[in-house]
Number of protein chains: 2
Amino acid sequence: MAKPNSPITEHLAYLLAQANREINRQLELRLSKEGVPVEQWRILKVLSDGNGHSMGELADAVLLNHPTLTKMIDRMVSDTLVYRVQDPNDRRKVLMFISDRGKVLCKKLNSLAVDQEEHILESYGDKSTSELKRLLESLIDSSN
Amino acid sequence: MAKPNSPITEHLAYLLAQANREINRQLELRLSKEGVPVEQWRILKVLSDGNGHSMGELADAVLLNHPTLTKMIDRMVSDTLVYRVQDPNDRRKVLMFISDRGKVLCKKLNSLAVDQEEHILESYGDKSTSELKRLLESLIDSSN
DNA sequence: TTGAAAATATTGAATATTCAAGAATTGAAG
DNA sequence: CTTCAATTCTTGAATATTCAATATTTTCAA
């Protein structure tokens, strides 16, 4: 008998891509109110601990390749949202810091993002959301 | 008292992006054995039902914008994996079909993808995987 | 101490994606 | 019928991303 080839919509990789696309689209829509791409919000959020973060560290944290990050940071420096400082302990590294202007923007973006999370909680449910988060974390863990 | 700003790693949007990136990276790695990007595998898989699918339908199914799909299909036509036929019932539409060569390739890709799914099942577990799939489907549903 | 290898970030060329506009066809209202 | 709006797909220009190569600094073994 013929093996019924599972449709693409049943693959985990596809479901993840689809869910990610949809949620990201919604978030993008909100952040566009401030004219900021999702990646820049991530960068600002990571830097908003006030510490310096190297480019490599940042690239990992915000899920961008090094060259892509470099060019995005160039733009953000032009917009005076962040600034570069050479790491005094290891001069190969560049430490990124958030500016005051960046902090102000980040706050606005955070509340837009919180809006979205709340909207998800409403339509999707408290329980499902936290369970999904748990499973995603554990999937990520098990992939390393 | 200060509101502790939740780190980016706790946002659903971030967890989805991270999981998607990782799983996609793994799949990419396997499919690269045949030199095919993930999106092309999706296209072949959708077309492998043997029916004609319009570009709009395909774009939705494989999570690509229209112009991006058009250009990717151009490449696949050059590689004789798929071909275009004008829809006789609505001449605005183009129906895409998979070629014999495309079918052969798709089979090979399917087994590479199955390898990955099995690898995930092993390291992540049967139960978690099906539960995660269920939650993702329901998230996608609730977003429409 | 020196010199080769590793780590870090950036650059430039090649490639891919996106946005806005265009061409062709259909639908449907007057 | 005719015309105008909507649908479908493609194109070209602008933008963004990636790959490979480069420059700089550090590490570490000989």
Side-chain angles (χ1 to χ4, degrees), chain A residues 17-18 20-22 24-29 31-32 35-43 46-47 51-79 81-97, chain B residues 17-18 20-22 24-29 31-32 35-43 46-47 51-79 81-97:
Chain A
Q18 196 181 1
N20 178 51
R21 186 179 162 91
E22 180 56 28
N24 202 58
R25 197 190 57 74
Q26 288 174 19
L27 181 55
E28 216 164 44
L29 198 66
L31 299 191
S32 72
V36 176
V38 175
E39 291 78 12
Q40 290 198 14
W41 170 58
R42 288 201 197 120
I43 293 171
V46 170
L47 296 186
N51 299 324
H53 294 262
S54 75
M55 291 297 280
E57 205 185 323
L58 250 191
D60 283 351
V62 304
L63 314 176
L64 288 177
N65 298 345
H66 284 222
T68 306
L69 178 63
T70 292
K71 285 156 192 173
M72 181 158 286
I73 288 288
D74 286 347
R75 279 169 247 148
M76 295 177 76
V77 169
S78 297
D79 296 341
L81 297 172
V82 299
Y83 57 94
R84 291 177 162 98
V85 174
Q86 174 143 269
D87 185 338
N89 296 119
D90 183 342
R91 279 148 59 220
R92 290 171 302 183
K93 294 187 184 175
V94 172
L95 297 180
M96 297 305 312
F97 289 90
Chain B
Q18 197 182 0
N20 178 52
R21 187 179 160 91
E22 179 58 27
N24 202 59
R25 197 190 56 75
Q26 287 174 18
L27 181 55
E28 216 164 44
L29 197 66
L31 299 191
S32 71
V36 177
V38 175
E39 290 79 11
Q40 290 199 13
W41 170 60
R42 289 201 197 121
I43 292 170
V46 169
L47 296 186
N51 300 323
H53 294 262
S54 75
M55 291 295 280
E57 205 186 323
L58 249 191
D60 284 350
V62 304
L63 314 176
L64 287 177
N65 299 345
H66 285 219
T68 307
L69 178 64
T70 292
K71 286 155 190 171
M72 181 159 285
I73 289 288
D74 285 347
R75 279 168 248 149
M76 295 177 77
V77 169
S78 296
D79 295 342
L81 297 172
V82 298
Y83 56 94
R84 290 178 163 98
V85 174
Q86 175 142 269
D87 186 338
N89 295 118
D90 183 342
R91 281 147 60 217
R92 289 170 301 183
K93 294 187 184 174
V94 173
L95 297 181
M96 297 305 311
F97 289 90

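Throughout, a chain's letter reflects where its sequence line sits, starting with A, and its residues are numbered from 1.
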query = Where along residues 67-75 of chain A does a heavy atom come under 4.0 Å from DNA chain D, residue by residue in number order?
reply = A:Pro67, A:Thr68, A:Lys71, A:Arg75
request  = Round to the nearest Å and state the distance from A:Asn65 atom CG to C:dA9 atom P.
outcome  = 14 Å
Candidate pair A:Ile73 and A:Arg84, rule side-chain contact (heavy atoms from CB on, under 4.5 Å), full reasoning = CA-CA 9 Å; A:Ile73 288 288; A:Arg84 291 177 162 98; 3.6 Å; yes
ask   = Please give, in whole Å, the distance from C:dA24 C1' to B:Asp87 CG?
value = 14 Å
task = State whether A:Glu28 and A:Arg25 are salt-bridged, where the test is any N-O pair (Lys NZ or Arg NE/NH1/NH2 against Asp/Glu carboxylate O) under 4.0 Å.
result = no
remark   = Taken to the nearest whole Å, CZ/B:Arg91 to C1'/C:dT25 is 7 Å
message = Expressed as a whole number of angstroms, how long is the span from B:His66:NE2 to C:dA23:C1'?
response = 16 Å
inquiry  = Going 5' to 3' along DNA chain D, which are the first and last nucleotides with any atom under 4.0 Å from a heavy atom of chain A?
reply    = D:dT17 to D:dT26
inquiry  = If I take atom CZ from residue A:Arg75 and atom CE from residue A:Met72, how far apart are they, to the nearest 0.5 angstrom?
reply    = 4.5 Å
key: Reported CD-to-CG distance for the pair B:Gln86 and B:Leu95, which is rounded to 0.5 angstrom   = 9.0 Å
inquiry  = Between B:Val77 and B:Val82, does the side-chain contact (heavy atoms from CB on, under 4.5 Å) criterion hold? Intermediate values first, please.
reply    = CA-CA 5 Å; B:Val77 169; B:Val82 298; 4.0 Å; yes
Minimum-distance pair of heavy atoms, taken over all atoms of B:Phe97 and B:Asn51 = CE2-C, 3.7 Å
ask   = CG of A:Leu64 versus C1' of C:dT8: gap in Å, rounded?
value = 17 Å
Atom pairs and distances, donor-acceptor, side-chain atoms in residues 55-71 of chain A, under 3.5 Å, two or more places apart:
from, atom 1, to, atom 2, distance (Å)
A:Glu57, OE1, A:Ser54, N, 3.4
A:Glu57, OE2, A:His53, ND1, 2.8
A:Thr70, OG1, A:His66, O, 3.2

ask   = If every non-hydrogen atom of A:Trp41 is compared with every non-hydrogen atom of A:Leu31, which pair is closest and at what distance?
value = CB-CD1, 3.8 Å
message = Whole angstroms only, please: what is the CZ-C1' distance between B:Arg92 and C:dA23?
response = 13 Å
task = May I have the distance from A:Lys93 (atom NZ) to C:dT8 (atom C1'), rounded to whole angstrom?
result = 8 Å
